[in-house]
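As structure tokens, the structure follows; a few thoughts come after it.
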2 protein chains.
Amino acid sequence: MTRVLVVDDSPQILATLRLNLRARRYQVQVAPDGKDALTGAAEWHPDLVILDLGLPDMDGVDVIRGLRGWSAVPIIVLSGRAGSGDKVDALDAGADDYVTKPFGVDELLARIRAITRRVPAGEDLPTVDVGRHSVDLNGKIVHGPGGTRVHLTPTEWGLLEILVRNPGKLISQRRLLTEVWSPNHLSETNYLRVYLASLRRKLEDDPSRPRHFITEPGMGYRFEP
Amino acid sequence: MTRVLVVDDSPQILATLRLNLRARRYQVQVAPDGKDALTGAAEWHPDLVILDLGLPDMDGVDVIRGLRGWSAVPIIVLSGRAGSGDKVDALDAGADDYVTKPFGVDELLARIRAITRRVPAGEDLPTVDVGRHSVDLNGKIVHGPGGTRVHLTPTEWGLLEILVRNPGKLISQRRLLTEVWSPNHLSETNYLRVYLASLRRKLEDDPSRPRHFITEPGMGYRFEP
DNA sequence: GCGGGCCGTCAGGGAGGCGTCAAGATTCCA
DNA sequence: TGGAATCTTGACGCCTCCCTGACGGCCCGC
């Protein structure tokens with residue numbers, strides 16, 4: 001089932017879209033501002049984002065850039081501004097479509113179908129740079145300098161994905177253990193030490209002085225792009 | 001270089017678009033009606049089609065259907081009609097975007113960038129080389145060195161196609177089992193072992209040391225060109 | 001200065017995944 | 001109806017990866 005994240009500060013539009021999308025068997029989650037949109041997308045991994053440009057807390061184009069930093073999820077922009085410059089800015093920042101308000105729900109639904117048809121839902125992870133290595137989360141490939149390749153084990157990929165999808169953010173030991181292992185492994189913090197060491201050995205230029213996989217003692221780990 | 005086919009019966013629009021696109025280093029070909037559009041697309045294999053719905057000889061939506069019958073090329077529709085029904089029809093017939101006239105050239109160019117960004121231009125692979133063998137996916141034929149032929153079973157073709165269409169990318173066991181067998185066979189990973197062995201025996205130079213069909217333990221398989 | 005957490009490192013053992021082979025079971029076509 | 005091609009199933013040995021425990025370094029408070 002296609003997962004749609006709707007970002008808008010107007011409760012009416014939110015309610016209308018949620019109703020219409022749910023009736024068409026989409027899975028819907030909503031966010032009222034840019035901050036919630038970014039965290040929601042990082043945690044929920046939607047197949048499509050519908051984004052109003054006029055958000056209370058941040059510029060819509062910055063939200064697009066924030067998403068595009070780590071995700072290739074399709075983005076449909078809603079906006080009251082019909083100016084050519086606004087459209088060009090949003091599209092060039094990484095939006096896939098631009099619909100001006102007021103819009104017909106039928107048209108929006110058709111555009112949603114057009115976009116999800118092209119992207120079979122699920123190919124939303126681009127490549128991320130980690131120092132001199134480039135990490136392709138989609139193809140599960142790590143390229144090193146000079147055409148070399150680095151091999152990662154499933155557990156290493158699990159850790160790497162969570163960290164890289166939340167650049168700059170502190171990820172608690174609790175969350176890493178829960179998502180990579182299980183909620184029963186919350187006390188096994190030594191697993192993290194072993195596998196973080198392994199990731200650093202494979203991806204950091206100087207594993208003993210990590211620059212991208214940072215330890216926050218007592219709390220967790222952080223990925224610095 | 002991205003190849004764009006522009007379909008419109010108005011000489012002015014044709015000239016304007018050709019000028020602007022050529023200036024942005026697109027390769028442009030034009031067609032004045034639906035018949036020329038279909039034959040032109042079949043012979044020239046454009047990476048993008050810009051299609052005016054108001055053509056003299058046939059309905060624009062039929063042109064879309066005609067293209068979609070055999071090609072997945074992105075289509076941007078131009079139309080003077082702003083009605084919601086027209087948009088829905090065109091998009092559901094297979095168009096990727098819908099721009100109403102009069103339109104700004106800047107906006108159209110931004111939409112072109114947005115669409116071609118997603119599809120990296122030219123990604124059908126009729127024949128693929130696997131070591132000393134060449135695989136014709138359309139004709140379902142494998143040629144070996146020296147004019148020999150290799151026979152593959154339907155299941156082998158199923159596996160081979162998914163792997164070869166995603167060169168370099170890791171394909172999960174889950175996806176292979178789902179698409180070649182069914183979602184009920186997710187636990188039968190032994191099938192994969194048997195048929196991967198079979199593919200290697202038929203296509204690899206040294207089946208015991210595979211160079212093109214790589215196992216990623218615990219995750220899936222990968223085709224290396 | 002000293003001790004206790006917390007973290008990084010290393011290497012061995014065990015379990016599960018993988019490749020291989022061959023023998024049924026099933027389907028397909030003549 | 002018979003035979004051939006294809007798919008399924010099971011057994012066995014190998015190899016990878018995960019877990020585990022021990023040790024040392026660093027930082028902090030006492």
Side-chain angles (χ1 to χ4, degrees), chain A residues 140 142 149-163 170-174 176-223, chain B residues 140 142 149-161 163 170-223:
Chain A
K140 293 271 165 64
V142 177
R149 299 264 286 249
V150 180
H151 177 79
L152 301 185
T153 71
T155 312
E156 288 162 358
W157 276 111
L159 270 182
L160 183 61
E161 267 202 47
I162 300 181
L163 291 170
L170 171 74
I171 311 296
S172 67
Q173 300 185 348
R174 179 188 187 80
L176 291 172
L177 288 167
T178 304
E179 296 201 17
V180 178
W181 285 270
S182 87
N184 312 328
H185 291 73
L186 291 185
S187 56
E188 258 92 4
T189 57
N190 48 327
Y191 292 8
L192 294 178
R193 294 205 293 280
V194 172
Y195 282 96
L196 256 295
S198 175
L199 275 183
R200 286 168 177 153
R201 202 178 323 123
K202 293 181 177 178
L203 296 180
E204 294 272 5
D205 288 340
D206 181 357
S208 60
R209 280 196 196 70
R211 293 189 45 212
H212 301 99
F213 300 101
I214 310 297
T215 303
E216 301 280 353
M219 308 183 55
Y221 293 85
R222 179 198 309 280
F223 168 67
Chain B
K140 293 266 194 288
V142 176
R149 296 263 284 257
V150 180
H151 175 76
L152 300 185
T153 73
T155 311
E156 289 163 357
W157 274 112
L159 270 182
L160 183 62
E161 269 203 48
L163 290 170
L170 175 95
I171 311 296
S172 67
Q173 302 184 348
R174 180 187 187 80
R175 176 163 169 211
L176 291 172
L177 288 167
T178 304
E179 298 201 14
V180 177
W181 284 269
S182 87
N184 311 327
H185 291 71
L186 290 185
S187 55
E188 257 88 9
T189 57
N190 48 328
Y191 291 8
L192 293 179
R193 296 205 292 279
V194 171
Y195 281 94
L196 256 295
S198 174
L199 275 182
R200 285 169 177 152
R201 206 176 319 121
K202 292 181 177 177
L203 297 179
E204 294 271 5
D205 287 341
D206 181 356
S208 63
R209 280 198 195 70
R211 293 190 47 212
H212 302 98
F213 300 101
I214 309 297
T215 303
E216 300 278 354
M219 300 195 293
Y221 293 85
R222 184 197 305 280
F223 168 67

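Residue numbering restarts at 1 for every chain, and letters A, B, ... go by the order of the sequence lines. This one's a predicted model, so the numbers in the text were calculated from it and none came from an experiment.
- Place Tyr221(B) and Gly220(A) on DNA chain C by their nearest nucleotides, and Gly220(A) ends up nearer the 5' end.
- Atom CG of Asn190(A) and atom C1' of dC10(C) are 14 Å apart (whole Å).
- The pair Glu161(B)-Lys140(B) counts as a salt bridge, with a side-chain nitrogen and a carboxylate oxygen less than 4.0 angstrom apart.
- Residue Ser208(B) is classed as a sugar-phosphate contact, given heavy-atom separations below 4.0 Å to backbone atoms only.
- Atom C1' of nucleotide dA5(D) and atom NZ of Lys202(B) are separated by 10 Å, given to the nearest angstrom.
- Proximity of Thr155(A) to the phosphate of dC17(D): no side-chain N or O atom is located under 4.0 Å from OP1 or OP2.
- Sequence order on DNA chain D of the closest nucleotides to Glu188(B) and Leu152(B) puts Leu152(B) first from the 5' end.
- Here the side chains of Val142(A) and Lys202(A) are not in contact, with every heavy-atom distance at 4.5 Å or above.
- Nearest nucleotide to the Thr215(A) side chain, out of dG8(C), dC18(D), dG19(C): dG8(C).
- Protein atom CH2 of Trp181(A) is 15 Å distant from nucleotide atom P of dC17(D), rounded to whole Å.
- At the heavy-atom level, His185(B) lies nowhere under 4.0 Å from the strands shown.
- If you check dC18(C), dG8(C), dT9(C) against the side chain of Gln173(B), the one that comes closest is dC18(C).
- Smallest separation of non-hydrogen atoms from Pro217(B) and Pro154(A): O-CG, 3.4 Å.
- Inspection of the Thr189(A) and Gln173(A) side chains reveals no N or O donor paired with an N or O acceptor under 3.5 Å.
- No contact: Phe213(B) has no heavy atom under 4.0 Å from any strand.
- If Gly218(A) and Arg201(A) are placed on DNA chain C by their nearest nucleotide, the residue sitting closer to the 5' end is Gly218(A).
- Taking atom CZ on Arg209(A) and atom P on dT9(C), their separation rounds to 11 Å, with Å as the unit.
- Taking every heavy atom of residues 191-200 of chain A and every atom of DNA chain D, pairs under 4.0 Å involve Tyr191(A), Val194(A), Tyr195(A), by number.
- Arg222(A) places its CZ atom 15 Å from the P atom of dC7(C), with the value rounded to the nearest Å.
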Can I get a per-line list of side-chain donor-acceptor pairs under 3.5 Å for residues 206-216 of chain B, giving both atom names and the distance, sequence neighbours left out?
residue: Asp206(B); atom: OD1; partner: Ser208(B); partner atom: N; Å: 3.3
residue: Asp206(B); atom: OD1; partner: Ser208(B); partner atom: OG; Å: 2.8
residue: Asp206(B); atom: OD2; partner: Arg209(B); partner atom: NH1; Å: 3.2
residue: His212(B); atom: ND1; partner: Glu204(B); partner atom: OE1; Å: 3.4
residue: His212(B); atom: NE2; partner: Gly131(B); partner atom: N; Å: 3.3
residue: Thr215(B); atom: OG1; partner: Arg200(B); partner atom: NH2; Å: 2.7
residue: Glu216(B); atom: OE1; partner: His151(A); partner atom: ND1; Å: 3.1
residue: Glu216(B); atom: OE2; partner: Arg222(B); partner atom: NE; Å: 3.1
residue: Glu216(B); atom: OE2; partner: Arg222(B); partner atom: NH2; Å: 2.9

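- If you measure from atom CG of Leu177(A) to atom P of dC19(D), you get 11 Å, rounded to the nearest angstrom.
- A side chain to side chain contact (heavy atoms under 4.5 Å, CB included) with Trp157(A) holds for exactly one of Ile162(A), Leu152(A), Leu199(A); it is Leu152(A).
- Distance His151(B) NE2 to dC7(D) C1': 13 Å, rounded to the nearest Å.
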Under 3.5 Å donor-acceptor pairs involving side-chain atoms of residues 180-188 of chain B, not counting sequence neighbours:
residue: Ser182(B); atom: OG; partner: Asn184(B); partner atom: N; Å: 3.0
residue: Ser182(B); atom: OG; partner: His185(B); partner atom: ND1; Å: 2.9

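- Rounded to an integer number of Å, the gap from CG of Leu159(A) to P of dC18(D) is 10 Å.
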